[in-house]
S.K.: 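I am attaching a structure below and will ask some questions about it afterwards.
What you see is a predicted model; the values in this text were computed from it and never measured.
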Amino acid sequence: MNIIVCIKQVIDPEAPPSSFRIDAATNKVMMQGAPPVIDPYGEYAVEASLKIKATQGGKITTISLGDNLLREVVKKPLAMGADELVLLEDEVYIGGDSWSTAYALAMAIKKVGEYDLILCGREASDTNAGQTGPGISEILGVPCVTLARKIDVTDSTARVERVTADGYEVIDVPLPSVITVSNEIGEPRYPTIKGIMTAKKIEPVIWKPSDIGVEPFHVGDAGQRTRIARLYQPILEGECEFAEGESPEEAGANLALKLREAKVL
Amino acid sequence: MAEYKGVAVYCELTAGKLVPISAEGLGIGKKLADDLGQELSAVLVGSDISNLAQETVTYGADKVYLVDDPLLKDYQTDSYVAVMQKVLNQITPRILILGQTDVGRDLAPRLAFRLETTVTMDCVELAIDSQSKRLLQTKPVYGGNAQAVFTSDTDPQMVTIRTKAMTPLEPDASRQGEIINIEAGVEASAIRTRIVDRVMEEVAGIKIEDAEVVVAGGRGIGSPEGFGQLEELAKLLKGAVGASRPPCDNGWVPDTVQIGLTGKIIAPEIYIAVAISGSSQHLSGCSGSKNIIAINKDAEANIFRQARFGAVGDWKKVLPAFTEKIKELLAA
Ligand SMILES: Cc1cc2nc3c(=O)[nH]c(=O)nc-3n(C[C@H](O)[C@H](O)[C@H](O)COP(=O)(O)OP(=O)(O)OC[C@H]3O[C@@H](n4cnc5c(N)ncnc54)[C@H](O)[C@@H]3O)c2cc1C
Ligand SMILES: Nc1ncnc2c1ncn2[C@@H]1O[C@H](COP(=O)(O)O)[C@@H](O)[C@H]1O
């Protein structure tokens with residue numbers, strides 16, 4: 001079983017909102033005082049791949065596209081148990097949209113060559129798009145199942161439980177295929193000390209656009225079909241009225257009284 | 001090259017009915033079509049659905065494109081993408097609107113890549129740029145920490161819209177519309193996936209999407225028993241119980257009651273958040289609530305920046321007293 005997992009380096013979505021800043025001139029985001037992390041849903045996808053490898057054996061290759069990728073960040077999946085790391089690392093890859101990103105990733109996957117399963121996160125924590133997985137499937141011409149909460153692989157089929165609004169559906173999909181992974185798959189495991197040591201020794205393979213047969217005008221900024229006109233922080237208008245009290249119990253009772261006074265209740 | 005004209009709305013169905021977001025899509029679609037001085041079309045795909053065409057007309061559609069075929073009874077990516085590709089090649093709309101539902105999340109990106117155009121997912125605001133006449137697509141990014149306004153270079157300009165972000169028109173039975181049938185033209189063999197089962201995780205009582213009052217708990221609740229106390233308050237207020245993601249991940253409550261960016265989007269009259277920190281991803285799902293009330297032991301918690309009323313303290317002490325007082329007030 002050859003599994004490819006797409007992993008993005010992102011600013012930490014769990015960092016306090018107060019450390020989040022936008023530079024209006026460049027429409028770029030900065031996170032002060034919190035280092036980047038691997039995209040949380042990508043991490044769930046790594047966890048899914050490790051669960052499959054545990055029963056099916058095989059090899060897990062992770063691919064990250066970006067620039068200035070921190071090795072301790074993009075190597076985390078290796079420390080968790082993945083086998084190989086491909087980096088599409090170059091400044092021309094950045095500033096792209098779903099099209100240019102999915103296209104470059106699909107071309108890199110073609111170059112890897114052997115794959116049974118391609119896993120992505122259901123959505124990245126920065127774009128909140130959920131387009132890369134379906135996009136890759138469309139470009140490669142393989143089926144795709146989104147929002148997986150469970151994946152069971154037997155021979156050449158994956159049985160996927162897919163999250164729906166009121167439960168889930170069970171879908172059989174032939175391999176190779178793309179599956180996007182949701183958090184219901186289960187908490188990602190922690191890297192072990194042994195894993196961290198192994199990851200240190202693995203050298204990432206770095207591919208430039210020419211290595212994957214992609215023209216520069218197809219990637220990053222130049223390859224995008226979506227433009228960003230404006231990026232801004234919505235203002236939280238909330239002026240919270242606190243219920244006071246000598247004790248928490250009193251505060252609780254006073255909160256009820258306040259709601260009655262304001263005719264909320 | 002085809003001329004792209006008009007606005008089309010993909011109207012999602014479930015159990016033989018339009019889902020609410022279809023009317024919301026037609027509502028904003030009508031506004032955009034009027035701004036452009038062009039027509040609004042509804043697209044309906046399914047099996048045995050011709051009775052629904054007129055309903056989309058009452059919500060504003062000038063034309064209804066109907067693809068009715070037994071093979072389309074269930075949403076399956078391969079068949080629906082193929083059918084939608086065919087329909088869109090025929091109507092070539094300038095704008096296509098879908099809902100950010102479990103179907104929209106799957107269908108919209110696949111269809112966009114198939115049509116070699118773009119889609120902006122989860123839009124909360126749509127408008128026509130007065131100069132360029134292109135669609136301004138506003139969507140939250142970074143989990144709601146920021147909003148981005150996108151434009152697209154290609155047609156159709158596709159978007160999905162967030163639940164409850166747009167207002168439907170009042171249905172008007174006197175509206176007239178033209179109904180056009182389109183052959184599905186799909187073969188069963190083209191559908192590569194197979195649906196084996198569909199499992200409902202029903203929650204007893206009122207659904208959180210429909211409730212006027214929602215009492216939600218976060219990681220700080222700590223156990224399923226803790227949620228029992230929230231249930232008591234919800235019952236008293238004839239509401240429903242919801243949660244942030246951690247209680248769902250921990251199995252204290254079913255996944256279907258998760259509120260937020262990747263859960264349910266709700267807009268009740270009263271939202272009571274207990275031991276929830278107020279991450280931007282969570283607030284995405286409840287910021288439309290009329291009154292947010294928060295109980296948290298941390299006075300600096302982000303939830304208090306959105307809340308109208310709050311109490312600081314351990315919920316195990318605050319909540320019973322709060323519930324007791326409400327009981328008293330309601331009885332009086
Ligand atoms: C792409 C993406 C999508 C996501 N989608 C969602 C989503 O849809 N919904 C969602 O909820 N999350 C979502 N998350 C997760 C989100 O980032 C937060 O991790 C999550 O919302 C935190 O939940 P919480 O507030 O319950 O927990 P925490 O942030 O851990 O907060 C717990 C709170 O409880 C308080 N507390 C603890 N004990 C007590 C006590 N005894 N009395 C009173 N207060 C107490 C603490 O002060 C704290 O404020 C998403 C994340 C990503 C990256
Ligand atoms: N630059 C990238 N490098 C590697 N994987 C990515 C990249 N961008 C997106 N992905 C994958 O696609 C998923 C969804 O991203 P998005 O479509 O941006 O919401 C992520 O969770 C990743 O698995």
Side-chain angles (χ1 to χ4, degrees), chain A residues 13 17 20 22 29 97-99 122 125-131 134-135 138-139 143-147 159 163-174 183-184 187 225-234 236 238 240-243 248-249 251-253 255-260 264-265, chain B residues 77-78 101-102 105-106 109-110 113-114 118-122 136 140-143 145-154 192-201 245 249 255-256 261-262 270 280 291 293 302 304-314 317-319 321-322 325-326 329:
Chain A
F20 184 91
I22 292 171
V29 162
D97 62 0
S98 298
W99 256 101
R122 63 176 281 175
S125 60
D126 50 2
T127 61
N128 301 135
Q131 294 197 44
E138 199 55 43
I139 294 167
C144 176
V145 180
T146 51
L147 310 181
R159 176 157 291 189
V163 175
T164 59
D166 41 22
Y168 60 92
E169 43 189 20
V170 185
I171 298 174
D172 278 351
V173 60
N183 52 289
E184 291 84 353
E187 279 300 309
R225 301 167 190 214
T226 325
R227 318 255 151 217
I228 185 159
R230 200 172 150 230
L231 186 67
Y232 61 99
Q233 265 181 290
L236 296 184
C240 185
E241 245 185 74
F242 286 98
E249 288 84 355
L255 181 61
L257 289 172
K258 254 185 191 303
L259 296 182
R260 178 37 71 92
V264 172
L265 278 183
Chain B
T77 320
D78 284 336
T101 59
D102 50 59
R105 282 181 153 110
D106 191 84
R110 277 292 290 281
F113 274 82
R114 177 77 52 95
T118 68
V119 56
T120 300
M121 306 292 287
D122 204 17
L136 299 171
V141 288
Y142 295 94
N145 272 316
Q147 304 241 85
V149 184
F150 290 108
T151 59
S152 163
D153 290 351
T154 48
R192 293 168 290 184
T193 52
R194 192 171 66 87
I195 300 176
V196 182
D197 196 6
R198 197 166 270 130
V199 181
M200 299 287 208
E201 292 183 328
R245 200 174 79 189
D249 283 348
D255 291 321
T256 45
L261 184 65
T262 48
I270 302 179
S280 56
N291 297 287
I293 296 144
N302 201 53
F304 289 126
R305 296 178 63 207
Q306 278 267 336
R308 196 169 152 217
F309 297 100
V312 178
D314 184 345
K317 301 207 169 92
V318 178
L319 191 72
F322 177 65
K325 193 58 154 191
I326 288 183
L329 291 172

S.K.: Taking all non-hydrogen atoms of both residues into account, name the closest pair between A:Leu231 and B:Ala148 and its distance.
M.R.: CD1-CB, 3.8 Å
S.K.: Residues two or more places apart in sequence or in another chain: which of them pass side chain to side chain donor-acceptor pair (under 3.5 Å) with B:Arg105?
M.R.: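 Here no residue qualifies.
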S.K.: Heavy-atom cut-off 4.5 Å, strictly under: side chain, backbone, both or neither for B:Asn302 against chain A?
M.R.: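 Side chain only.
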S.K.: I need the B:Asp249 CG to A:Glu184 CD distance, nearest 0.5 Å.
M.R.: 7.0 Å
S.K.: Between B:Thr193, B:Thr151, B:Thr118, which shows the greatest number of heavy-atom pairs under 4.5 Å with chain A?
M.R.: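 Top option by heavy-atom pairs under 4.5 Å: B:Thr151.
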S.K.: So what's closer than 4.5 Å to chain B heavy atoms on A:Ile22: side chain, backbone, both or neither?
M.R.: side chain
S.K.: Using side-chain heavy atoms (C-beta onward) and a distance below 4.5 Å, is A:Tyr168 in contact with B:Arg198?
M.R.: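 No, their side chains stay 4.5 Å or more apart.
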S.K.: With chain A as the partner, which of B:Ile195, B:Thr154, B:Asp78, B:Leu329 has the greatest number of non-hydrogen pairs under 4.5 Å?
M.R.: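 Counting heavy-atom pairs under 4.5 Å, the top option is B:Leu329.
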S.K.: In terms of heavy-atom pairs under 4.5 Å, which option from B:Pro140, B:Gly313, B:Ala146, B:Ser280 contacts chain A the most?
M.R.: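 Most pairs with chain A among the choices: B:Ala146.
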S.K.: Please look at B:Asp255 and chain A and tell me whether the side chain, the backbone, both or neither of the residue comes under 4.5 angstrom of a heavy atom of that chain.
M.R.: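 Contact with chain A: side chain only.
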S.K.: For B:Ser152, which atoms come within 4.5 Å of any heavy atom of chain A: side chain, backbone, both, or neither?
M.R.: both
S.K.: Is there side-chain contact between A:Thr127 and B:Val141, with heavy atoms separated by less than 4.5 Å?
M.R.: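 No, too far: nothing below the 4.5 Å cut-off.
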S.K.: Calculate, to the nearest 0.5 Å, the distance between atoms NZ and CZ belonging to A:Lys258 and B:Phe309 respectively.
M.R.: 7.0 Å
S.K.: I'd like to verify something: which residue of B:Asn291, B:Asn145, B:Val318 has the highest number of heavy-atom pairs under 4.5 Å with chain A?
M.R.: B:Asn145
S.K.: Please report whether the ring centroid of A:Phe242 lies less than 6.0 Å from that of B:Phe304.
M.R.: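 Yes: the rings meet the under 6.0 Å criterion.
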S.K.: Is a salt bridge present between A:Glu249 and B:Lys317, judged by a nitrogen-to-oxygen distance below 4.0 Å?
M.R.: no
S.K.: Name the region of A:Thr226, side chain, backbone, both or neither, that has any atom closer than 4.5 Å to a heavy atom of chain B.
M.R.: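 Both parts, heavy atoms under 4.5 Å.
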S.K.: Does A:Leu255 reach the side chain of B:Ile293, with side-chain heavy atoms less than 4.5 Å apart?
M.R.: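 Yes, their side chains come closer than 4.5 Å.
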S.K.: Side chain, backbone, both or neither: which part of B:Ile326 has a heavy atom under 4.5 Å from chain A?
M.R.: both
S.K.: At a heavy-atom separation under 4.5 Å, does A:Ile228 approach chain B through its side chain, its backbone, both, or neither?
M.R.: both
S.K.: Given side chains that start at C-beta, do those of A:Asn128 and B:Leu261 come closer than 4.5 Å, heavy atoms only?
M.R.: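 Side chain of A:Asn128 against side chain of B:Leu261, heavy atoms only: contact under 4.5 Å found.
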S.K.: Among all residues two or more places apart in sequence or in another chain, which pass the side-chain contact (heavy atoms from CB on, under 4.5 Å) test with B:Asp153?
M.R.: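 In terms of side-chain contact (heavy atoms from CB on, under 4.5 Å), with neighbours along the sequence ignored, B:Asp153 is linked to A:Arg227.
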S.K.: Side-chain donor-acceptor pair under 3.5 Å between B:Asp106 and A:Thr146, yes or no?
M.R.: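 On atom types as modelled, these side chains qualify, holding a pair under 3.5 Å.
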S.K.: Counting C-beta onward and ignoring hydrogens, is there a side-chain heavy-atom pair between B:Phe322 and A:Leu259 closer than 4.5 Å?
M.R.: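 The answer is yes, as the side chains (C-beta and beyond) meet within the 4.5 Å cut-off.
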S.K.: Check whether any side-chain heavy atom of B:Asp197 sits under 4.5 Å from a side-chain heavy atom of A:Ile171, and report yes or no.
M.R.: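 No, every pair of side-chain atoms sits at 4.5 Å or beyond.
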S.K.: A:Leu257 versus B:Lys325: any side-chain heavy-atom pair under 4.5 Å?
M.R.: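 Yes, close enough: below the 4.5 Å cut-off.
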S.K.: With a 4.5 angstrom heavy-atom cut-off, is it the side chain or the backbone of B:Thr262 that approaches chain A, or both, or neither?
M.R.: both
S.K.: Does any heavy atom of chain B fall under 4.5 Å from the side chain of A:Thr164, the backbone, both, or neither of them?
M.R.: both
S.K.: Any non-hydrogen side-chain atom of B:Arg110 less than 4.5 Å from a side-chain atom of A:Cys144?
M.R.: yes
